[in-house]
Amino acid sequence: MQDDSDKTAGLSLQRVGLTYPGHGGVHALDEISFDVPEGDFVAVVGPSGCGKSSLMKLVSGLLPPTTGEVRNRGALVAGPADTVGMGFQNPSLLPWRSAIDNVLLPLEVVKRYRSELRTKAGKAKHRARAMHLLETVGLQDAAELTPAQLSGGMRQRVSLCRALIHEPSVLILDEPFGALDAFTREDLWGVLYRLWREAQFTCVLVTHDLREASLLASKVVVLSNRPANIMSIETPPMGHPRNADMLYQPEMVAFVRGLRDQIGRAMARGPAAEASA
Amino acid sequence: MNSSIWNARWMQALSPILFALVFLGLWQLAGWLTPTYQLPTVVETWNAMLQKPWVLLKHGLYTLWPTLIGFGVAIVVGVVMGLSMGMSKFVYQGAYPILVFFNALPKVAIAPILVLSFPSSFELAVWMAFLICFFPIVVNVATSAATVDREMEDVLRALGAGKWTIAWKVSLPQATPHIFGALKIAVTLAFIGTIIAEQQNANEGLGWFITVASANSQTALGFAALVVLGVESVILYAIFAVMEARTARWAFRSH
């Protein structure tokens, strides 16, 4: 499947819909279509409970779509594939492993790495790679610490490294910084941005934070209330490379404001509004 | 009151010894006040142990082997079954009621019936030890294996990990401290099983020894056997308590 894939095609969603099975199955996603060019960064925003996380499960192959299809580099996503890396709001590190051993976990699972880990040289090589990743996120001195000894922000950095150690072509992040305080969050925006600029993976970021989406992504996909449809796809007014100061420039402020208005309208229209009426 | 002598460090270290001495003193006192066949004194019990040390040791070992074998089998069967229950809701739902039923059965009631199936006293003791400590092992492994963080599972599943890989990398290490905690309790239960079996049908082992001592009104000898039994049980308990603490170190670590 990898051989006939087109390494320039990126990620493509074509009329993807999802209804959870069972009685009165929840119609989560209606008909979502968008493309993420190879190596690009797309953010997905929308009202709470609109199905953003479900969408990520489809992209990662954890759930099959009810209708439509997802393609990664031209190949149909039919199930979990080790070309994807995932990160969530909860860093979910294994508490009995050190930071670096947590980062190495995916290599013990992914087939093409597993055999390499059996030799001493292979182990050393990948340990060095993990160490390099930890250095990139500023954790070179914390490699041997356990999760309990790390702060929330540090754990999330480890989680990012773990999502990238197997060199996935797509990184999927679901509210990765949602539980962090404002300063740590801004710090991690920089970390993620640097990682992405360095490794040039295709990145899909689901977030509630409109400033986060606007600062990091090349395109922002705005979803409606459930069942989710695409309301619009917006392009932030700044080109890459970016820095956090850009958030305070008038055109960026106006852009974030525009996103907020759209989502406000979506919520006023949706089932949440009906329930509270 | 913080500086009082009772809170001093050396006093706290000494307190178990102090309490033990007080306990032995009270026992000795009570022993003096009652006839020996009702309650022997500490000294009389000690003398009984010195009288027949090798006999007590022999029967102590007779009791130890079936306990350890039954316990070992319960570990293997319990961990495998607990993991499969933790991994599959179907197995969990199906097996749980049966386990509850067998656990609810008083094991003392089973022994006289099992005698018919296992006329060999050794086999009976192994079975009783197994039956009595199997349940707490299964339940502890099953519950801790069932509580795998959803997102952790997604991270691994997205990489193509199957159920067994997730069990091996996440569920099992996560359950390890709970498993040792369960074993710590189960090993003392296993002795109950063996003793019940030996009192039912045997002519060796501490259970049998105590029954005979009691029948002959040799209470001090019975107490001596109890002490041997207690020492065996505590040593095994301590081994698993140490293993639990070692494997659970990560659970207590904090910044």
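Quick caveat: nothing in here was measured; it's all calculated off a predicted structure. Convention: sequence-line order gives letters A, B, ...; per-chain numbering from 1.
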So for atom [atom1], which belongs to [X], do other residues, nucleotides or ligands contribute more than 12 heavy atoms lying within a distance under 6.0 Å?
{"X": "B:Trp127", "atom1": "CH2", "result": "no"}
{"X": "B:Tyr237", "atom1": "OH", "result": "no"}
{"X": "B:Phe23", "atom1": "CZ", "result": "no"}
{"X": "B:Arg9", "atom1": "CZ", "result": "no"}

Next item on the list: Identify the residues of residues 71-80 of chain B whose heavy atoms come closer than 4.5 Å to a heavy atom of chain A, ordered by number, or report 'none'.
Entry: none
Item checked: From B:Thr165 atom OG1 to A:Arg114 atom CZ, the distance as rounded to the nearest 0.5 Å -> 6.5 Å
Next item on the list: Measure the spacing between CZ of B:Arg157 and CE of A:Met86 and express it to the nearest 0.5 Å.
Entry: 9.5 Å
Next item on the list: Return the set of residues passing salt bridge (charged side-chain N to carboxylate O under 4.0 Å, His left out) with A:Glu116 (not counting sequence neighbours), or none when no residue passes.
Entry: A:Lys125
Next item on the list: Just give me the residue among A:Leu62, A:Asp82, A:Leu93, A:Val109 that pairs up with chain B most often, heavy atom to heavy atom, under 4.5 Å.
Entry: A:Leu62
Could you tell me which non-hydrogen atom of [X] sits nearest to which non-hydrogen atom of [Y], and how far apart they are?
{"X": "A:Ser92", "Y": "B:Met152", "result": "O-SD, 3.0 Å"}
{"X": "B:Val170", "Y": "A:Trp96", "result": "O-CH2, 3.4 Å"}
{"X": "A:Pro80", "Y": "B:Ala158", "result": "CB-O, 3.8 Å"}

Checklist line | Residues of residues 166-181 of chain A with any heavy atom under 4.5 Å of a heavy atom in chain B | finding: A:His166
Margin query: Which atoms of A:Lys111 are under 4.5 Å from chain B, going by heavy atoms: the side chain, the backbone, both sets, or neither?
Written below: neither
Margin query: Holding to side chain to side chain contact (heavy atoms under 4.5 Å, CB included), I want the full list of residues that pass it with A:Leu117, two or more places apart in sequence or in another chain.
Written below: A:Leu107, A:Glu108, A:Lys123, A:His126
Next item on the list: Applying side chain to side chain contact (heavy atoms under 4.5 Å, CB included), run through B:Leu156 and A:Leu105 and close with a yes or a no.
Entry: CA-CA 9 Å; B:Leu156 288 179; A:Leu105 177 66; 3.9 Å; yes
